[in-house]
Amino acid sequence: MTSGWSWFIIIVSLANIAGAWWLLKANAQTTIPKSEGPDTGHVWDEDLTELNSPLPRWWYWLFVLTVVWGLGYLVFYPGLGNFAGVLGWSSAGEHQAEVDRADTEYGPIFARYFNMP
C-alpha cells in the first residue's frame, strides 16, 4: 500500500473514533433530570409522549468502553494503514501457523499415501 493510502486510512479511522467520542460527549452533557425531559412533540396513541431524556449511565460507560477498546485494537493489531500494530499480528502469519500445525499433525498420516498410485 502506498503511503498516501496508508495516511488516508489512518486519518479516516481516527476521525471516525474522534467523531464517535465527540457525539458521545455532546449528547451526554445535559442538565435534564433522568425521569423527565422536555417534550419532543412526538405523541403516539393519543397519550404516549416522547421525552428528550439523557442516556442511561450504563449505556454511556459502555459507549466509552467501546471507544477505548477501538483505540486499543488499533494500537495492538493492524488497522492503521501500514502500521502493523504492537503485536505484529497478520492474517498471513496466522494462516501459516495453522498450516504448520496441520502439517505437523496430519503429515505422518498422509505421508503413507503420498507415493501410492
Side-chain angles (χ1 to χ4, degrees):
M1 165 181 335
T2 65
S3 63
W5 279 112
S6 178
W7 278 107
F8 176 76
I9 291 169
I10 290 169
I11 290 168
V12 168
S13 298
L14 294 179
N16 276 306
I17 290 177
W21 183 256
W22 173 82
L23 183 66
L24 172 67
K25 295 309 262 179
N27 288 310
Q29 295 176 354
T30 182
T31 57
I32 302 170
K34 286 188 178 183
S35 61
E36 294 186 23
D39 187 350
T40 62
H42 301 145
V43 178
W44 293 274
D45 294 334
E46 299 178 12
D47 63 345
L48 184 59
T49 303
E50 179 182 2
L51 301 178
N52 189 11
S53 299
L55 287 173
R57 296 314 293 172
W58 67 270
W59 203 356
Y60 170 81
W61 286 110
L62 187 62
F63 198 175
V64 169
L65 181 66
T66 303
V67 170
V68 170
W69 181 86
L71 287 172
Y73 184 88
L74 290 175
V75 167
F76 288 108
Y77 294 100
L80 292 176
N82 288 332
F83 178 63
V86 175
L87 298 178
W89 182 90
S90 71
S91 60
E94 186 75 18
H95 176 262
Q96 190 59 47
E98 288 289 321
V99 168
D100 293 343
R101 185 190 60 78
D103 284 344
T104 303
E105 185 175 344
Y106 302 115
I109 296 170
F110 291 115
R112 297 184 312 178
Y113 302 107
F114 184 71
N115 292 324
M116 292 178 112

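Throughout, residue positions are numbered sequentially from 1 according to the sequence presented.
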List the atom pairs, with distances to 0.1 Å, where a side-chain N or O of residues 58-78 and a protein N or O form a donor-acceptor pair under 3.5 Å, not counting sequence neighbours.
residue, atom, partner, partner atom, Å
Y60, OH, K25, NZ, 2.9
T66, OG1, L62, O, 2.8

Y106: partners by side-chain contact (heavy atoms from CB on, under 4.5 Å), with sequence neighbours left out: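 Counting only residues at least two positions away or on another chain, Y106 forms a side-chain contact (heavy atoms from CB on, under 4.5 Å) with A102, I109, F110.
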Does M1 have any side-chain contact (heavy atoms from CB on, under 4.5 Å) partners at least two apart in sequence or in another chain, and if so, which? W5, S6, I9, N82
Run through the side-chain heavy atoms of Ile, Leu, Val, Met, Phe, Trp and Tyr, join any pair under 4.5 Å, and report what else lands in M116's cluster. Y113
Other members of the hydrophobic cluster containing L23, with the 4.5 Å side-chain heavy-atom rule, please. W22
Salt bridge (Lys or Arg N to Asp or Glu O under 4.0 Å) pairs, two or more places apart, involving residues 99-112: E98-R101, R101-E105
